[in-house]
Undergrad: 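This is the structure I want to talk about, given as structure tokens.
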Amino acid sequence: MTYLQIGSWAVLLGVFVVALAGKIRKRAAFDEFRASIAALRVLPRRWSLPVAVAVAATEATVVVLLALPITALVGVSLAVALLAAFTTGIVLALRQGQRAPCRCFGASATPLGPTHVVRNLVLMAVGSAGLLAAFVSEATTAARPHPAGVAVTLATAAVAVLLVVRLDDLTALFTSHAPTR
């Protein structure tokens, strides 16, 4: 297992843990997430509850799969596929002029925009790099990672997760929009 593989999987695990927790922490948070799906108007309104439940269930599945080394490859693949679906939904909504709040991590009411598309594309690239690293390390006789290297990798991944989760706030620092909570 390589540091790239460990780091990319840790980033995805952290992001999906925070995303899931933000949606299911209380009933109101889940209802706001469901309402944001309906507000996007990409799908019929009546589908907002089943889609919200499916998203939360899929995010929970990603978390469990990524947490177990034996299923991590499947978890990363599912995470990348889910991010692709999210990105597609955001792009379709933006093309229709919809700027519904991003309830990606629960609390933020910042309208979806190009920043969210870029964020998802970067996360997809991170996951794809981790998958590629896994396949390369399987094909070679790579040395076991050093515990200190793993610690640094995980610390770096934690910072990356924090940056992703707080992206709306960071973006607001450099634009005229203030994030809405």
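For this chain, numbers begin at 1 and follow the sequence in order. Predicted, not measured: the structure shown is a model, and the values here were computed from it.
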Undergrad: Quick one, Thr87 and Leu121 - any side-chain contact, counting heavy atoms below 4.5 Å?
TA: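 When only atoms from C-beta onward are counted, Leu121 and Thr87 do touch, with a gap below 4.5 Å.
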Undergrad: Can you measure from OH (Tyr3) to OG1 (Thr153) and round to the nearest 0.5 angstrom?
TA: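 Taking OH in Tyr3 and OG1 in Thr153, the distance rounds to 6.5 Å.
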Undergrad: Do Val165 and Val122 belong together in a cluster built from hydrophobic side chains that touch within less than 4.5 Å?
TA: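 Yes; Val122 is reachable from Val165 via cluster members.
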Undergrad: Please examine the side chains of Leu112 and Leu40, heavy atoms only from C-beta on, and report whether any two atoms are closer than 4.5 Å.
TA: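 Answer yes - side chains close enough.
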Undergrad: Output, in order, the C-alpha distance, side-chain angles, deciding distance and verdict of side-chain contact (heavy atoms from CB on, under 4.5 Å) for Ser48 and Leu43.
TA: CA-CA 8 Å; Ser48 65; Leu43 301 168; over 6 Å; no
Undergrad: For Ile70, I'd like to know if atom CD1 has over 12 heavy atoms of other residues, nucleotides or ligands within 6.0 Å.
TA: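 Open: at most 12 neighbouring heavy atoms sit under 6.0 Å from CD1 of Ile70.
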Undergrad: Do you know which two heavy atoms are closest between Thr2 and Ser137, and how far apart they sit?
TA: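 Result for this residue pair: CG2-CB, 3.8 Å.
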Undergrad: To check you understand the geometry: which heavy-atom pair defines the closest contact between Val76 and Gly127, and what is its length?
TA: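 Heavy atoms only, the tightest pair is CG1-O, 3.4 Å.
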Undergrad: How many angstroms lie between atom CE of Met124 and atom CZ of Arg119, to the nearest 0.5 angstrom?
TA: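 CZ of Arg119 is found 12.5 Å from CE of Met124.
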Undergrad: When you look at Val64 and Thr61, which way does the side-chain contact (heavy atoms from CB on, under 4.5 Å) test go after all the steps?
TA: CA-CA 5 Å; Val64 170; Thr61 302; 5.9 Å; no
Undergrad: Do Val150 and His146 come within less than 4.5 Å of each other through their side chains, counting heavy atoms only?
TA: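 With C-beta onward as the side chain, the pair stays apart.
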Undergrad: Quick one, Asp168 and His116 - any side-chain contact, counting heavy atoms below 4.5 Å?
TA: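 When only atoms from C-beta onward are counted, His116 and Asp168 do touch, with a gap below 4.5 Å.
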Undergrad: Looking at side-chain heavy atoms only, is the closest gap between Phe16 and Leu82 below 4.5 Å?
TA: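 Heavy-atom side-chain distance check passes, below 4.5 Å.
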Undergrad: I need the minimum non-hydrogen distance between Leu4 and Ala133, along with the two atoms involved.
TA: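 Looking at all heavy atoms of both residues, the shortest contact is CD2-CB, 3.9 Å.
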Undergrad: Between Thr110 and Thr171, is any pair of side-chain heavy atoms under 4.5 Å apart?
TA: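 When only atoms from C-beta onward are counted, Thr171 and Thr110 do not touch, as no gap falls below 4.5 Å.
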Undergrad: What is the minimum heavy-atom distance between Arg99 and Pro114, and which atoms define it?
TA: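 Smallest interatomic distance, heavy atoms only, reads NH1-CD, 4.2 Å.
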Undergrad: How close do Ala160 and Val11 get, counting heavy atoms only, and between which atoms?
TA: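 Heavy atoms only, the tightest pair is CB-CG2, 3.9 Å.
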Undergrad: Could you give the distance from OG (Ser8) to CG (Leu13), rounded to the nearest 0.5 Å?
TA: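 One finds 11.0 Å between OG of Ser8 and CG of Leu13.
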Undergrad: Given the rule that I, L, V, M, F, W and Y join up when any side-chain heavy atoms are under 4.5 Å apart, are Val18 and Ile24 in one cluster?
TA: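 Looking at the clustering, Ile24 is in a separate group from Val18.
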Undergrad: Linking I/L/V/M/F/W/Y whenever their side-chain heavy atoms sit closer than 4.5 Å, directly or via other members, would Leu20 and Leu12 fall into one cluster?
TA: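 No, no single cluster joins them.
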Undergrad: Under the 6.0 Å and 45° cation-pi test, does Lys23 pair with Phe33?
TA: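 Yes, Lys23 lies over the aromatic ring of Phe33.
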Undergrad: To the nearest 0.5 Å, what is the distance between CG on Leu83 and CG on Leu78?
TA: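 CG of Leu78 is found 9.5 Å from CG of Leu83.
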Undergrad: Are Val51 and Phe86 connected into the same hydrophobic cluster when the rule is that any two of I, L, V, M, F, W, Y join if their side-chain heavy atoms are below 4.5 Å apart?
TA: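 The answer is yes; both residues are in one hydrophobic cluster.
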Undergrad: State the CD1-CH2 distance between Ile37 and Trp47, to the nearest 0.5 angstrom.
TA: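 The distance works out to 12.5 Å.
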Undergrad: Val161 and Ile6: same hydrophobic cluster, using ILVMFWY side-chain contacts below 4.5 Å?
TA: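 Per the 4.5 Å side-chain linkage, Val161 and Ile6 are co-clustered.
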Undergrad: Could you check whether any side-chain heavy atom of Leu162 comes within less than 4.5 Å of a side-chain heavy atom of Val159, counting everything from C-beta outward?
TA: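 Leu162 does not reach Val159 side chain to side chain.
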Undergrad: Looking only at atom types and distance, does a side-chain atom of Thr71 sit under 3.5 Å from a main-chain N or O of Leu65, one as donor and one as acceptor?
TA: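 Checking the backbone N and O of Leu65 against the side chain of Thr71, a donor-acceptor pair under 3.5 Å is found.
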Undergrad: Do Phe30 and Leu49 make a side-chain contact, defined as non-hydrogen atoms from C-beta onward lying under 4.5 Å apart?
TA: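 Answer yes - side chains close enough.
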Undergrad: Are the side chain of Arg25 and the backbone N or O of Gly22 linked by a donor-acceptor pair below 3.5 Å?
TA: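 Flag set: sc Arg25 to bb Gly22 pair under 3.5 Å.
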Undergrad: To the nearest 0.5 Å, what is the distance between CG (Asn120) and OG1 (Thr115)?
TA: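 Going from the CG atom of Asn120 to the OG1 atom of Thr115 covers 11.0 Å.
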Undergrad: Looking only at heavy atoms, which two atoms of Ala100 and Ser36 are closest? And how far apart?
TA: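 Closest approach of Ala100 to Ser36, heavy atoms only: CB-O, 3.9 Å.
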